[in-house]
Every structure is written in C-alpha cells, then in structure tokens.
Amino acid sequence: MAMVWLLLLAFICGSSGTEMESLAANPVGQNCTFSGFPDCQVFGDYSRLSNVKNASVCKDKCCNDENCEVTTYDSTGHICFFHNSSAIVSTGYNNLEAFLKNLPDPCQWTVSHSKQIMGDFLQNGSWNMTTCEAQCCRTSGCKAITYDSTYSQCYLHDHTDTVDAPSNLSVAVRKSDL
C-alpha cells in the first residue's frame, strides 16, 4: 500500500517527497521513515490529536500506530491527522504537510538483465519497470515479472525460471520467492 500512497501523493501533490526522516523502532520492532509532501492535505482521518508541538510528534505517533499509513500536520492549529487507505488527497494548504510512512517493502526485487521468464501474462497498457513490479505486488500469486523496455510491456509470472534473452528484456523476481 505504501507504493500506492507514494504514487498518489507524488502525482497530486507534485513532488516525490521532500524529506526522509528516520525514527526509533516502534513497538512492533520496525523503523519508520517518512516522505514529506508540503502544502498537501489528506482528507478522511480515522484519528486526530490536538495540541501537538510539531510534525515530529505526529510522525512518532503514526510510527507506533499499525493502522496509520499517512499523517498530516497542521502547523497553524497544531493538530495531527492520521489516515489509512480510505483517505483522499488534495493540495493548496500552506499550513499543512502530509507525511507518508515508509515501512519495509514486502515486495523487494532481484533484477537480472537480458533474461526472461517463459509462460507469462501480458498486462495491457504502457509500463515501466517500477509500475510493472507494483502490478505484480498487487496480483495474487505473482512471483516475478519480465519487462520489455523496447515496447514498454509488462509480463507477470507465477514461477521464477529464467532463460537468456535479448538486451531489451529484464526479469525481476520477488526476493521472498528466491
């Protein structure tokens, strides 16, 4: 879900995130980092906290909340808003900044160039390597992709057996499936 949030915030708020800040491990044992999106508001909070000193407090609270995917800090009203996947993004709020919680990505990849996997499912549309990987992450049973850079094509696979291929083809295998 973090990848979907990142794409949504970057598209609507017009940046890829201005800040990466490491925080201490939360009770679940994960470290949180955040990407900041200035002047960006996320509507649809499930919780809020008033009288908050600064954005760092919001990020600490979000890090410790397993339901929190994004937090927004209102520097004028000193309020933290906590959001999950049902929120809506908007721009043009000078006193607001949204922070996307970046948890370790369960979809990490090992990439091999000039390789392909036979027996594939072509995805319609124009793709790049990152969007193809994200599609695989969202697809049940997908273990790997083949990306064709010449035609911007994405192929999803339910197995990981690679063969040599022309230089325009690359394979990405989910590290969890190696």
Side-chain angles (χ1 to χ4, degrees), residues 1-26 28-40 42 59 62-63 66-71 83-91 97-178:
M1 185 57 75
M3 176 61 110
V4 174
W5 271 112
L6 181 60
L7 293 172
L8 182 65
L9 286 165
F11 178 75
I12 293 176
C13 298
S15 93
S16 59
T18 59
E19 171 184 338
M20 292 296 287
E21 181 176 326
S22 295
L23 298 176
N26 66 21
V28 183
Q30 296 173 318
N31 289 323
C32 293
T33 59
F34 290 84
S35 298
F37 297 85
D39 306 328
C40 191
V42 180
K59 291 183 275 186
C62 183
C63 186
E66 65 185 29
N67 295 315
C68 182
E69 295 175 9
V70 177
T71 185
H83 315 281
N84 56 23
S85 59
S86 63
I88 299 169
V89 179
S90 184
T91 61
E97 184 166 4
F99 298 95
L100 169 66
K101 180 166 59 172
N102 302 310
L103 292 175
D105 190 350
C107 236
Q108 296 180 352
W109 303 91
T110 298
V111 177
S112 302
H113 301 287
S114 299
K115 298 282 186 186
Q116 75 181 71
I117 299 175
M118 306 304 284
D120 41 44
F121 305 99
L122 175 64
Q123 301 297 296
N124 292 325
S126 181
W127 301 85
N128 64 42
M129 189 78 163
T130 302
T131 57
C132 189
E133 290 170 346
Q135 180 67 15
C136 184
C137 286
R138 291 188 296 271
T139 303
S140 178
C142 186
K143 295 182 179 183
I145 64 158
T146 298
Y147 174 68
D148 182 335
S149 60
T150 301
Y151 299 103
S152 300
Q153 291 179 321
C154 173
Y155 300 87
L156 304 185
H157 308 284
D158 60 4
H159 60 282
T160 61
D161 303 320
T162 62
V163 297
D164 291 335
S167 62
N168 62 309
L169 297 176
S170 297
V171 167
V173 177
R174 289 175 68 160
K175 286 185 178 181
S176 61
D177 291 308
L178 289 175

Heavy-atom pair with the smallest gap, counting every atom of [X] and [Y]:
| X | Y | answer |
| --- | --- | --- |
| Ser170 | His113 | OG-ND1, 2.9 Å |
| Ser114 | Ser167 | OG-CA, 3.4 Å |
| Tyr147 | Trp127 | OH-O, 3.0 Å |
| Glu133 | Trp109 | O-CZ2, 3.3 Å |

Distance SG-SG for Cys142, Cys136 less than 2.5 Å: yes
Any pair counted as disulfide (SG to SG under 2.5 Å), so long as it reaches residues 146-178, sequence neighbours left out: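 Pairs touching residues 146-178 that pass the test: Cys132-Cys154.
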Gln123 side, atom CD; Ile145 side, atom CD1 - distance, nearest 0.5 Å: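 Rounded to the nearest 0.5 Å, the CD-CD1 separation comes out at 10.5 Å.
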Pair listing, salt bridge (Lys or Arg N to Asp or Glu O under 4.0 Å) test, anchored in residues 141-151, at least two apart: none
Under 3.5 Å donor-acceptor, Ser149 side chain and Asn168 backbone: yes
4.5 Å side-chain heavy-atom contact, Lys59 and Thr71: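 Heavy-atom side-chain distance check passes, below 4.5 Å.
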With Thr146 via side-chain contact (heavy atoms from CB on, under 4.5 Å) - residues at least two apart: Gln116, Ile117, Tyr155, His157, Leu169, Val171
